[in-house]
**Q** 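Sharing a structure here in structure tokens format.
For clarity, every value in this text was computed on a predicted model and none was experimentally measured. Lettering of chains follows the sequences in order, A, B, ..., and the numbering in each one begins at 1.
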There are 4 protein chains.
Amino acid sequence: MSSTEQEDVRQEIRRGRPRSEAVERSIIEAVVNLLEEGAPLTEISIERIARTAGVGKATIYRRWKGKEELLCDVMKAIEPVDPPLPGTSVRDDLVAMLESLRQRGLAQRSSALLHNVFAQMKSSPKLWDVYHDTVVVARREMGRELIARGVAEGAIRADVPIDVLNDILVGPMLLRTVMRPDAELPEDLSERLVDLALQGLKPQL
Amino acid sequence: MSSTEQEDVRQEIRRGRPRSEAVERSIIEAVVNLLEEGAPLTEISIERIARTAGVGKATIYRRWKGKEELLCDVMKAIEPVDPPLPGTSVRDDLVAMLESLRQRGLAQRSSALLHNVFAQMKSSPKLWDVYHDTVVVARREMGRELIARGVAEGAIRADVPIDVLNDILVGPMLLRTVMRPDAELPEDLSERLVDLALQGLKPQL
Amino acid sequence: MSSTEQEDVRQEIRRGRPRSEAVERSIIEAVVNLLEEGAPLTEISIERIARTAGVGKATIYRRWKGKEELLCDVMKAIEPVDPPLPGTSVRDDLVAMLESLRQRGLAQRSSALLHNVFAQMKSSPKLWDVYHDTVVVARREMGRELIARGVAEGAIRADVPIDVLNDILVGPMLLRTVMRPDAELPEDLSERLVDLALQGLKPQL
Amino acid sequence: MSSTEQEDVRQEIRRGRPRSEAVERSIIEAVVNLLEEGAPLTEISIERIARTAGVGKATIYRRWKGKEELLCDVMKAIEPVDPPLPGTSVRDDLVAMLESLRQRGLAQRSSALLHNVFAQMKSSPKLWDVYHDTVVVARREMGRELIARGVAEGAIRADVPIDVLNDILVGPMLLRTVMRPDAELPEDLSERLVDLALQGLKPQL
DNA sequence: GCCTAACCGAGACGGTACGTCACGTCTTTTA
DNA sequence: TAAAAGACGTGACGTACCGTCTCGGTTAGGC
């Protein structure tokens with residue numbers, strides 16, 4: 001199901017030969033393969049995708065309006081699902097949330113595929129927007145709920161807007177994974193960042 | 001001065017007609033104008049730049065190897081210089097550092113030019129790398145020195161690697177300016193972020 | 001009745017839903033309409049015909065092998081029948097034969113439909129061939145019989161092959177109508193051409 | 001020199017790299033080769049021409065607006081020049097004029113190239129028009145002058161419009177060569193047609 | 001005051017990809 | 001089984017840029 005027609009759920013009787021799902025899959029798979037070969041986004045032309053997928057160009061344009069829309073669907077196909085939170089304590093859940101970000105960062109470095117998508121997803125504004133609207137916003141919502149729980153439990157101060165608190169927790173890890181692709185990501189990084197955020201940077205007594 | 005020939009400083013006797021600096025300027029200015037008109041990076045073709053600048057294509061290729069290299073020089077031309085730190089205290093300097101980031105974020109939203117460059121600078125890896133190597137790294141160095149001073153003065157705990165501390169301070173503001181272009185950036189944001197980072201998120205006694 | 005299945009007259013028991021004759025008519029009518037709108041043959045695609053006729057493409061391909069065969073049937077549908085000869089004299093019959101050619105020429109100029117078909121029937125060799133084999137050859141046969149009668153009656157010299165005589169009579173009118181679409185076709189042209197051909201171009205005593 | 005820019009004779013200073021005549025030649029030659037291989041006009045796509053000529057598509061479109069204009073220039077390149085008239089007598093000149101038409105007809109049958117061009121030149125109205133305007137009209141003018149001379153010399157009757165006389169002479173041969181490609185063209189055909197036209201079809205005393 | 005080399009604008013050149021259209025075949029549902 | 005609808009692989013269309021390559025014409029230093 002392409003992103004352009006998601007709203008087509010209404011029971012319009014689709015006439016004529018139905019679109020082949022196999023074709024849809026092979027197109028997305030072709031993009032994934034090209035990405036895995038390390039091809040930069042600019043070199044992944046629609047014509048090459050069609051050739052790789054063994055598909056006509058028109059078949060691609062019938063489903064997506066352009067390369068960007070197609071890539072959005074590809075991204076959705078690759079994007080891993082966030083793991084459930086342990087739920088033992090607010091602090092542990094915060095650590096788990098950051099840990100999933102760290103894992104994603106590691107995945108980017110190990111998998112040629114993810115690396116390519118993320119490193120160059122900065123490419124198109126639309127692609128970035130979709131990523132932002134689906135992944136980022138969803139995760140932010142998760143963070144907000146978590147922090148609200150912490151505030152209610154008295155573990156987190158109540159005199160600061162939740163969004164600011166969220167940024168303070170998520171920002172550092174995101175800075176490391178997205179903007180500093182060369183930085184190390186030690187195993188205990190999530191714990192340290194959460195604890196530092198909670199306790200502050202001032203010397204402890 | 002183009003990035004491709006910086007090493008050409010050695011006193012090779014350049015014969016023939018020297019390259020016109022006016023041409024160089026008008027090319028960069030053309031890109032800036034196109035960017036200001038809101039044209040997405042993909043639509044800014046070399047041919048269009050040449051047309052806008054009233055210049056032959058070869059004249060561009062004589063100076064830069066491609067669009068990316070040209071854009072790197074354009075970026076250098078528009079990138080504002082960081083303001084000096086007040087130096088009154090480590091806390092004030094940290095606030096000033098974050099404040100310069102916040103100003104940049106505001107500029108991106110107000111100036112069509114900066115907005116375009118940044119929002120889509122995620123475009124090309126090379127462009128990103130140049131930005132990273134020149135601007136980001138430079139600013140990180142500034143942060144590192146600042147924090148080192150804070151540690152020496154006893155204002156910041158010494159048991160955490162400086163890079164981690166830096167990320168904790170810079171990350172939240174960067175998250176707000178770069179990755180959440182829709183978020184508000186209140187005037188006292190820098191102060192609040194610094195203070196929160198220093199004091200921690202736990203409820204204060 | 002399509003040209004591809006003319007030999008299908010034998011009483012093969014046709015099973016399943018019978019082909020709709022109305023569909024057949026509406027397809028040919030669609031072509032005629034498009035032709036009347038002045039569309040050049042190249043722009044009359046099978047898809048457009050199907051759309052105009054409100055018919056599936058397959059329904060067309062089930063009946064004709066391609067556009068040319070379809071057009072042949074269309075041509076048969078619009079080609080007017082030759083009027084009968086008066087039979088009063090050989091000379092009058094020759095005039096009547098040429099007159100029917102002249103009428104056709106005038107029709108081409110007045111009717112957008114005929115004009116289009118003829119002016120560009122030069123299009124496809126197959127279409128031309130069909131026209132030649134059905135219309136031209138048939139008319140030639142008519143001319144041959146007429147001239148043979150004239151020779152038998154002593155009105156036409158017997159020392160020249162009939163085909164040559166036929167060409168001498170028909171050629172000038174055809175040249176005017178087909179190859180010189182701008183030329184005038186005065187009412188007495190047929191008479192004058194026949195008389196000139198009979199009497200010769202030399203000055204009369 | 002392409003047909004689209006013939007009027008560019010005015011001494012405009014041509015700037016930029018001049019168009020290569022070799023390229024121009026190789027394009028036309030490519031079309032000629034494809035025609036000689038017997039490819040029907042419809043199968044001779046611009047892309048195939050470009051491929052055969054080892055040339056970019058844009059290079060073709062830079063010179064000609066489309067396939068038709070290109071074919072017009074190709075036709076000019078193939079079209080043989082009419083031989084000079086003997087001038088001994090009006091009758092001999094008329095025979096020579098018809099003979100050149102007959103030769104052209106024979107050439108069409110022998111050379112795969114000419115055959116293809118003429119047999120399918122009926123293709124495009126534009127191509128036909130160009131042929132008409134350059135070749136046909138020119139030849140008609142030749143015929144008109146010839147006949148006017150005959151009338152002045154008293155060899156041809158003066159009471160008939162020259163154009164009609166011309167059609168009576170040229171029509172039969174044209175009918176044979178263009179519209180009846182299967183007909184025989186005996187060596188003495190030109191003489192016989194001229195003599196028959198002059199003397200008339202009535203039995204001679 | 002030439003000479004010559006490199007510059008400059010313009011634009012032609014062989015390519016590649018674009019997004020659209022039509023081809024003729026196929027695969028659905030509905031009749 | 002036919003019919004309407006429309007998806008499918010194919011391939012041409014005409015356009016836009018790519019990066020390279022000529023052109024005629026400038027514009028400097030070195031002779």
Side-chain angles (χ1 to χ4, degrees), chain A residues 13-20 22-24 42-51 53-67, chain B residues 13-20 22-23 42-51 53-67, chain C residues 14-20 22-23 42-51 53-67, chain D residues 13-20 22-24 42-51 53-63 65-67:
Chain A
I13 320 109
R14 300 288 264 139
R15 307 209 295 182
R17 177 175 174 177
R19 292 189 186 164
S20 158
V23 162
E24 199 124 346
T42 2
E43 290 182 14
I44 300 188
S45 60
I46 296 276
E47 301 222 320
R48 195 131 99 91
I49 294 169
R51 242 163 8 228
V55 139
K57 263 198 297 178
T59 301
I60 295 180
Y61 283 107
R62 205 173 284 124
R63 289 169 162 74
W64 298 278
K65 243 171 56 187
K67 193 158 62 177
Chain B
I13 321 109
R14 305 284 265 137
R15 310 209 301 178
R17 176 176 173 177
R19 292 190 186 165
S20 156
V23 162
T42 8
E43 289 182 14
I44 300 187
S45 58
I46 295 278
E47 302 224 319
R48 196 130 99 90
I49 295 168
R51 231 147 36 211
V55 141
K57 269 197 296 177
T59 304
I60 295 180
Y61 283 108
R62 206 174 284 124
R63 290 168 161 76
W64 299 277
K65 240 172 59 186
K67 191 161 63 177
Chain C
R14 305 286 260 137
R15 309 204 305 176
R17 176 172 171 180
R19 291 190 185 166
S20 156
V23 162
T42 10
E43 289 182 16
I44 299 188
S45 60
I46 294 278
E47 304 224 320
R48 195 130 100 90
I49 294 169
R51 231 150 34 214
V55 140
K57 271 197 295 177
T59 303
I60 295 180
Y61 282 107
R62 207 173 284 124
R63 289 169 162 76
W64 297 277
K65 242 172 60 187
K67 192 160 62 177
Chain D
I13 321 112
R14 300 288 266 141
R15 307 206 294 183
R17 177 176 174 176
R19 295 189 184 165
S20 158
V23 162
E24 200 125 346
T42 5
E43 290 182 15
I44 300 189
S45 60
I46 296 276
E47 302 222 319
R48 195 131 100 89
I49 294 169
R51 234 149 33 213
V55 141
K57 263 198 297 179
T59 302
I60 296 181
Y61 283 108
R62 206 172 284 124
R63 290 170 161 75
K65 242 172 56 188
K67 194 159 61 177

**Q** Tell me if the side-chain of B:Arg19 makes a donor-acceptor pair with the base of E:dC7, cut-off 3.5 Å, by modelled atom types.
**A**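 No pair found.
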**Q** Once rounded to the nearest 0.5 Å, what's the spacing between atom CZ of C:Arg62 and atom CD1 of C:Ile60?
**A**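 The distance works out to 10.5 Å.
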**Q** With rounding to the nearest 0.5 angstrom, report the NZ to OG1 distance, C:Lys67 to C:Thr42.
**A**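 Nearest 0.5 Å value for the NZ-OG1 distance: 7.0 Å.
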**Q** If you find the nucleotide of DNA chain E closest to A:Arg15 and the one closest to B:Pro18, which residue's nucleotide is nearer the 5' end?
**A** B:Pro18
**Q** To the nearest Å, how far apart are B:Ile60 CD1 and F:dC17 P?
**A** 13 Å
**Q** Whether D:Thr59 contacts E:dA12 is assessed here as follows: a side-chain N or O lying under 4.0 Å from the phosphate OP1 or OP2. Is that the case?
**A**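 Checking E:dA12 against D:Thr59, no side-chain N or O comes under 4.0 Å of OP1 or OP2.
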**Q** Go nucleotide by nucleotide along DNA chain F from the 5' end; which of A:Gly54 and C:Ala53 gets its closest nucleotide reached first?
**A**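 Per heavy-atom nearest nucleotide, the more 5' residue is C:Ala53.
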**Q** Taking N or O atoms only and anything under 3.5 Å, show me the protein contacts with nucleotides 20-23 of chain E, one pair per line.
**A**
residue, atom, partner, partner atom, Å
E:dC23, OP1, C:Ile46, N, 2.8
E:dC23, OP2, C:Ile46, N, 3.0
E:dC23, OP2, C:Glu47, N, 2.9

**Q** E:dG19 C1' sits how many Å from A:Ile49 CD1, rounded?
**A**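 In whole Å, E:dG19 C1' lies 14 Å from A:Ile49 CD1.
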**Q** May I ask you to evaluate whether D:Ser20 reaches the phosphate of E:dA12, defined as a side-chain N or O under 4.0 Å from OP1 or OP2?
**A** no
**Q** What nucleic acid atoms does D:Gly66 come within less than 4.0 Å of, heavy atoms only: base, sugar-phosphate, or nothing?
**A** nothing
**Q** Return the minimal non-hydrogen interatomic distance between B:Gly56 and B:Ala50, and the atom names on each side.
**A**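 Minimum heavy-atom separation between B:Gly56 and B:Ala50: C-CB, 4.3 Å.
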**Q** Taking only residues two or more places apart in sequence, or in another chain, which ones meet B:Lys57 in a salt bridge (charged side-chain N to carboxylate O under 4.0 Å, His left out)?
**A**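 Residues passing salt bridge (charged side-chain N to carboxylate O under 4.0 Å, His left out) with B:Lys57: B:Glu47.
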**Q** Whether the side chain of B:Arg17 and the base of F:dT26 hold a donor-acceptor pair under 3.5 Å is what I'd like checked.
**A** yes
**Q** Return the minimal non-hydrogen interatomic distance between D:Arg48 and D:Glu43, and the atom names on each side.
**A** NE-O, 3.6 Å
